[in-house]
Amino acid sequence: MNDSLFAASSPGRHNPHHLPDPRVGVPEIPSRFLRAQPPQLPQLSELQVVRHFTRLSQLNFSVDTQFYPLGSCTMKYNPRICQVLASLPGFVHRHPLAAVESGQGVLRSLFELQEMLGEIAGMPAVSLVPMAGAQGEFAGVAMIRAYHRARGEDGRREMLIPDAAHGTNPATATMCGCTVREIPTNARGDVDLEALARAVGPRTAGLMLTNPSTLGVFERQVARMAEIVHAAGGLLYYDGANLNAVAGRVRPGDMGFDAVHFNVHKTFATPHGGGGPGAGPVAVASRLAPFLPLPVVKKEVDESGRERFSWLDEADLPSSMGRLSTFAGNIGVLLRAHVYLRMIGAEGLQRVSDMATLNANYLMARLCAAGFTVAFPGRRATHEFILTLKPEADAFGVTALDFAKRLLEFGIHAPTIYFPALVPECFLIEPTETETRETLDQFVEAMIAIRHEAATQPQRVLTAPQSVPVAGGGIGRLDATRAARKPDLIWKENQPR
Amino acid sequence: MNDSLFAASSPGRHNPHHLPDPRVGVPEIPSRFLRAQPPQLPQLSELQVVRHFTRLSQLNFSVDTQFYPLGSCTMKYNPRICQVLASLPGFVHRHPLAAVESGQGVLRSLFELQEMLGEIAGMPAVSLVPMAGAQGEFAGVAMIRAYHRARGEDGRREMLIPDAAHGTNPATATMCGCTVREIPTNARGDVDLEALARAVGPRTAGLMLTNPSTLGVFERQVARMAEIVHAAGGLLYYDGANLNAVAGRVRPGDMGFDAVHFNVHKTFATPHGGGGPGAGPVAVASRLAPFLPLPVVKKEVDESGRERFSWLDEADLPSSMGRLSTFAGNIGVLLRAHVYLRMIGAEGLQRVSDMATLNANYLMARLCAAGFTVAFPGRRATHEFILTLKPEADAFGVTALDFAKRLLEFGIHAPTIYFPALVPECFLIEPTETETRETLDQFVEAMIAIRHEAATQPQRVLTAPQSVPVAGGGIGRLDATRAARKPDLIWKENQPR
Amino acid sequence: MPFIPHTSADIDQMLAAIGAAGINTLFEEIPLELRAPVLNLPEPLGEMAIGRLMRERADGDGSGLCFIGAGAYEHHIPAAVWEIAGRGEFLTAYTPYQAEASQGTLRLLYEFQTMMANLTAMDAGNASLYDGASGLGEAVLMAVRASANPGGKILIPATVHPHYRAVVHTMTRDLDLDVVEIPFDPLAGRIDPHTLVGYQNTPVAALVIPQPNFFGMLEEVDALTDWAKGQGATVVGVVNPISLGLLKPPGLWGQTGADIACGDGQPLGIPLSSGGPYFGFLCCKHPLLRQMPGRIVGRTEDGQGRSGFILTLQAREQHIRRAKATSNICTNQGLMTVAASIYLSLLGPAGLANVAATCHARARSLLELLTAIPGVTRLFSGPFFHEGVVRFAKPTAPVLAQLARLGIQGGYRLGRAFPQLDKAILVCATETRTDVDLQLYADTLSWVLNVKEG
Amino acid sequence: MPFIPHTSADIDQMLAAIGAAGINTLFEEIPLELRAPVLNLPEPLGEMAIGRLMRERADGDGSGLCFIGAGAYEHHIPAAVWEIAGRGEFLTAYTPYQAEASQGTLRLLYEFQTMMANLTAMDAGNASLYDGASGLGEAVLMAVRASANPGGKILIPATVHPHYRAVVHTMTRDLDLDVVEIPFDPLAGRIDPHTLVGYQNTPVAALVIPQPNFFGMLEEVDALTDWAKGQGATVVGVVNPISLGLLKPPGLWGQTGADIACGDGQPLGIPLSSGGPYFGFLCCKHPLLRQMPGRIVGRTEDGQGRSGFILTLQAREQHIRRAKATSNICTNQGLMTVAASIYLSLLGPAGLANVAATCHARARSLLELLTAIPGVTRLFSGPFFHEGVVRFAKPTAPVLAQLARLGIQGGYRLGRAFPQLDKAILVCATETRTDVDLQLYADTLSWVLNVKEG
Ligand SMILES: Cc1ncc(COP(=O)(O)O)c(C=O)c1O
Ligand SMILES: Cc1ncc(COP(=O)(O)O)c(C=O)c1O
């Protein structure tokens, strides 16, 4: 498919049924405020638009169409019922500033979600506001800074972060005015405790940790780490991106963390939308509760037992770290997570982590048996695990990138590659609990087939993909260097198609 | 894509959230009424189901994704707003036998549709009941028979049908207990008037005619034909499948017809759903009104001017030809047509036929100019026209079927082929008004390219398609003979995939 | 104009390419005297305006808490069903004439045929008919064609849905077929197999057997089937597909099974929508295959041996056989079979059995609650599925009207179709009715029957 | 369990392949003392039950006839927008890291960037930020990085949405940046460019200019831009994208244009949803490109020279640059840009202009109707877009509460954010409000103000 939206545009073509009032004249606004030329938007019929975007959609891999074992991303089934119920007209048409009386349904659901997330975190207070994991991290670090500031320790501006951490962790620390101190990981995939002990001190704001870590293993010494950091006056932040591995089995609060964010677009099955929106609610220990981002849903019960829900704001929470969004975050996404949690319950949540872990360990065992090399042998996989394709790279000159691209031609989305950076030729694989064993077996077969190709006809792998199996025939491997060297970021007239 | 729904099934796999009440026991029904074995339905997870059917959908060509110039089928844009409004909960959740007070919205809309269709037909009475064009024909012929019977002329059982007619016309006549007498078409595409005059007589029930005919031309002598048939005591039935060509320009009632069906899934933009549902409402002249199929929507106005809508039934219309459906036909489809008509209005309707005709004549002119042969030279195209690929077949041994199959590889759905059967190597092309000139030009280019191939490398065309551009890579030309010779109609265990 | 892409430049250039002076020229073959006046249609509305209008209308519609069944049943429809069935590639495709460009629809229909055949224990199924009633009409015509006694009587019990019987009448009247109605046992609300003895000596072309029947009661399908087969008649089962999660499928009735199974597929994931679109399904045993009306999909191969699907056995159909076709049906209810296929795949055998069992349990509770009200009695005894008949001590019409005003659609009045059942209504409860719903109905009915006393 | 495909046979076989005795074995690395208790979550609900629950809740929600704007606007959303944006392939894809398997999302983002850049008259745009407020926060940080005076003041008018200002505060506080609020002209409800003279001699890093501003008034964007550019400051325009159907785009403000344009994309086809998800958009001039946060898509080629699209300029992003990234943003609001792209494509320049002009006309009518009511006066004079400020002779809270009880959300109370505007509310009318709606508001308000007299 090679038709540009803009090339298909024709001057004067438009959809009159989308003109709300064709008789309205030009407004009496002084011309210095007005635009001289209409904006260069495409001029298309409705069929052209529908066809264009429908066909675009068909060019994507997605959970609804392919196995998508992208490590750290928890690409599991996004139940359609969550989508449908969150889109009910009463929810969708409500203005954010409308009287709370007109929003008791949505507020009650959000309140229940707060309660459920607090229980899952093992922490007493929750704010749903952050709009993604990274903003949840921001909220967490900003709260930690506010906490220290409130105690007269504004000098605590150093954030300890393991080297395996996701990029958002250090970037967040910087955005909150902290400096980052990296803590190394040892060969078994655990944080180097000695190094941590050496790093803490009076400038320590806290530690940001993902557990299970991005290496696909559970950090066994987490309790000890909490002791070290707390003893030094720092607080602990839990990056909840990997919660799908342990939800219901172990709680951040019980592990000693002071704040946590959830990625509802991972653990709680809200769709990722090709890049978002997600939501990154935060839960905190009581010492951080006064600093939660605003607004938070409050429940009041009157004498007759009638419950009423409303928003806590600046007046109620004067020490709050502040606002993060115009209104109250990605409420529509949060409603999806609420429906999901109400459907699975406590037992279901544990079943999620059980089966996510079973799938990962099964896949790891089968790939091991097929001769692939796991990065941390002897460790249990969590909900994900890492292969290093270094042996294959050394033997056949075929890299993790090449394996990834060739997998696409099998109709399988590639795992996460080259992250975490510490593992050479890294293949971070997360099958999720919603995939069948049969699908995992197909993945193993594809990997074996690709390695066989790598040995026998490496060019086939090195030049993959030649064509991905999407409607219209797909595309071959794209030149990333060219894209960055001479950025072509918007369509211009007379551009080659 | 080659995975069978049944092969993916796994014993015991199920979706507990779809069990309405897992605690319900086996009912106390004597065992002779019960089934001994559960039905062999697939046992799948929800993700498997969603993924399977999503991927299936991607294997289709459709208006939303491809140009679909299938003659006689009017594959135009199906506005999404019609879909959305007809699916509003109030409409969708209403039981057909619920009190009419709970259905004033839907009944009012249907009443308006009756009125609009009557106006478009130029006829005073309408029933919306028939569920497709063929059932509309059945209603029409059954009404004609009921009319003759009521006048003591039950011997009028011969139906005159031009040889170019759609197969549903003769099949319908048979289902209504008529015999069919074919009327030949002359070389200019018109009905042979002499033959018609010879055919009419005291056994004549009536004439079924499509105008514009399935030959893509307007039957100019229609008024004369009506005279002949009426004079012989017969009635005239108008097959409205081609109304998109002339709606707003000429009305069946004004042409002398006594009954007409509409294909709302053609003219009024309701989607075809991969085979249906459509709707085939009928309009009739006043002499046939007492015989309309039931039920019909009635409007009453009380003293205060309040309108109330309800159903006319057997008690109100004792001479009715009867019921055709359990309730009142495909109401959801009719609502879509209602929305469409309310959006386009009279001017829009004429614009539809204008632009449908313009597109067809433009495409015909360009193909002519490119050296293709039209079946009825010198005639104007209506909303469609016919090429005969006989010259190409003679010159290169490449048939209409081959052209059709090769077009698929260009991402264009094939026109209707080998219908009407009178034109050799027939290619019945209907672009519809919702396609752009650019799209028509692409079609011309594809046709030229295929003819060039036919001349230079006919094998490429004869073996097409090798692979149609759909997700998963598509399929090559399928063996229809094999399918019919040894029918394989349901999946069985151990079947090759 | 909405939905039309032509700019005035396009029109000019296209007319020039055609060599026509104007649009009117293109219509020059239409005789002047036939030209239509400007049509009198309502003023066109933009999308926003029509949206507002239709939302207002829909907001006033709906059937409240509904206890009507009578051929259309409110079931829970999993969200995934229409989220997927509504995809543009299903919605806006035509009948799959070009098989290679329609493998989605075709494979789906093949799977649909398989599921319906498995559900009914038949050998084959078609790709849908319009609805249950017209489907029965087609089944009857097919039964006659396939019968050992094609000129014999067509026996249709009075326990078949009255509208189905009406449609069969419409479809057979002009063909001079001999359709005979069999009365039901007034105590049991079903056919007493002994009644059939009266037809022992006349040729019988076909017997129709409803299961459950219109009153919700279970017919003695084994005995009825065996009797009919003994007469050389074709047996047509009309079944509710949800009930087949539990009930014996027509293909296994009696010694040999019924020959044809048909019914309305609406319960399988299709919304009520005031009556349609639904779909009719039709399955049969192998010998009757070539008598089946409607489209049928078969599996075949391409040149490389890859499996593919295609419309087959078309020599039965109107576009090939014209006046000699098995039926005139062309467009059917395709999209509804997409929904039904997704519904059945999501539910699977366990889900379908649970839905059926829950329906039955709810209907049983409802009948118990209602008959506990003074002035309400149960008609008919014996096994039933999810409907039942109750009689009031009072005229039904005002009671139902009053219930409707209170937001409850209480049931279907039987008096018109069955004069002997005046004062009786047919009530239904599916899995969607909670205990609270049932109690609310009982309480309201009790109040209504009381208040209107005297 | 819902959504989990494993049968017990699967589990047994998989554990055997792993060589683990049971599921618990897989968790053996979690120290015993950390194991969680059984969680106290509500009992799980099946799909039918949760559906009933959420429908009940949603039925009670909604905002009636709404005249609140204040950063979120009810516009008509063409049906095609979400019918297409809701397709599974858009909904359930991840961020397009594997370009070859994500050409749909990538090409769409490229087109989205193009449309936003064209709308704002900028050279480039990113693939979205969380929302308008946090987007302004990012824009301010970007402006400072790009500024000739990075250590200078950041000037933010008080006419910027108060929540936007609050978020900028949150995002700058820990960075020790000097954010200064500029007061507005109390008569005109906008910044008097002369106010800025006070900052003539201090270094200014950036100036934020809202258009229209929070009160709906049009700022003197040309003068403000020219002043700031003269100071070496980066100019950030915060704009309502619908208004750009009519208003001069930021890229053309003053002599040189603003450097950055940002805002909330909600008006472009995104439903209100109590506040989110919406999306922030961010566009800039070429020199600032590498300071832009968020994802950016570029066009490139494959080995055969075919055009394709890919995430590019990633050296700005957290996953490459970690602590040195331009922002921590990772997941953004992708799906909302799908909707906005479809919306803009359906409307085109003519549609967008008509929506904007209709909004303006409706707001004008509304203000006329309201100010005709005794006790209601208009604050601020001068050109405006689709919002305006009116003052009541009475306290606003009870009036708005009473209106809400009557089904009208009357406006946004300004008293809390602007103590000097106590008794004033901000009202809005978009193209979705008919003349009847406006009259109903006026009549109801008039009644409420009257009834409560004394
Ligand atoms: C480990 C980890 N931390 C943080 C994030 C950031 O979350 P988000 O993308 O929702 O901002 C991600 C996801 O990308 C992640 O995998
Ligand atoms: C000319 C003509 N007549 C009748 C029909 C039958 O209409 P339907 O398919 O709706 O039954 C068709 C469409 O297939 C047709 O093209």
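The sequence lines fix the lettering, A, B, ..., with proteins before strands; numbering per chain opens at 1.
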- Where does the angle between the aromatic ring planes of A/H95 and A/F327 fall among parallel (under 30°), tilted (30 to 60°) and perpendicular (over 60°)? perpendicular
- Which of parallel (below 30°), tilted (30 to 60°) and perpendicular (above 60°) describes D/H161 and D/Y164? parallel
For [X], which atoms come within 4.5 Å of any heavy atom of chain D: side chain, backbone, both, or neither?
X      : result
A/M75  : side chain
A/H166 : both
A/T436 : both
A/S109 : both
A/I475 : both
A/F91  : both
A/Q350 : neither
A/L19  : both
A/P465 : side chain
A/R145 : side chain
A/H413 : side chain
A/R379 : both

- Min side-chain heavy-atom separation D/R295-D/T95 under 4.5 Å: yes
- Query: When rounded to the nearest 0.5 angstrom, what distance separates CG in D/D174 from CZ in A/F138?
  - Reply: 6.5 Å
Non-hydrogen atoms of chain A under 4.5 Å away: do they reach the side chain of [X], the backbone, both or neither?
X      : result
D/F90  : both
D/H6   : both
D/I310 : side chain

- Message: With a 3.5 Å distance limit and no angle check, can you tell me whether D/D302 reaches the backbone of A/G476 through a side-chain donor-acceptor pair?
- Response: yes
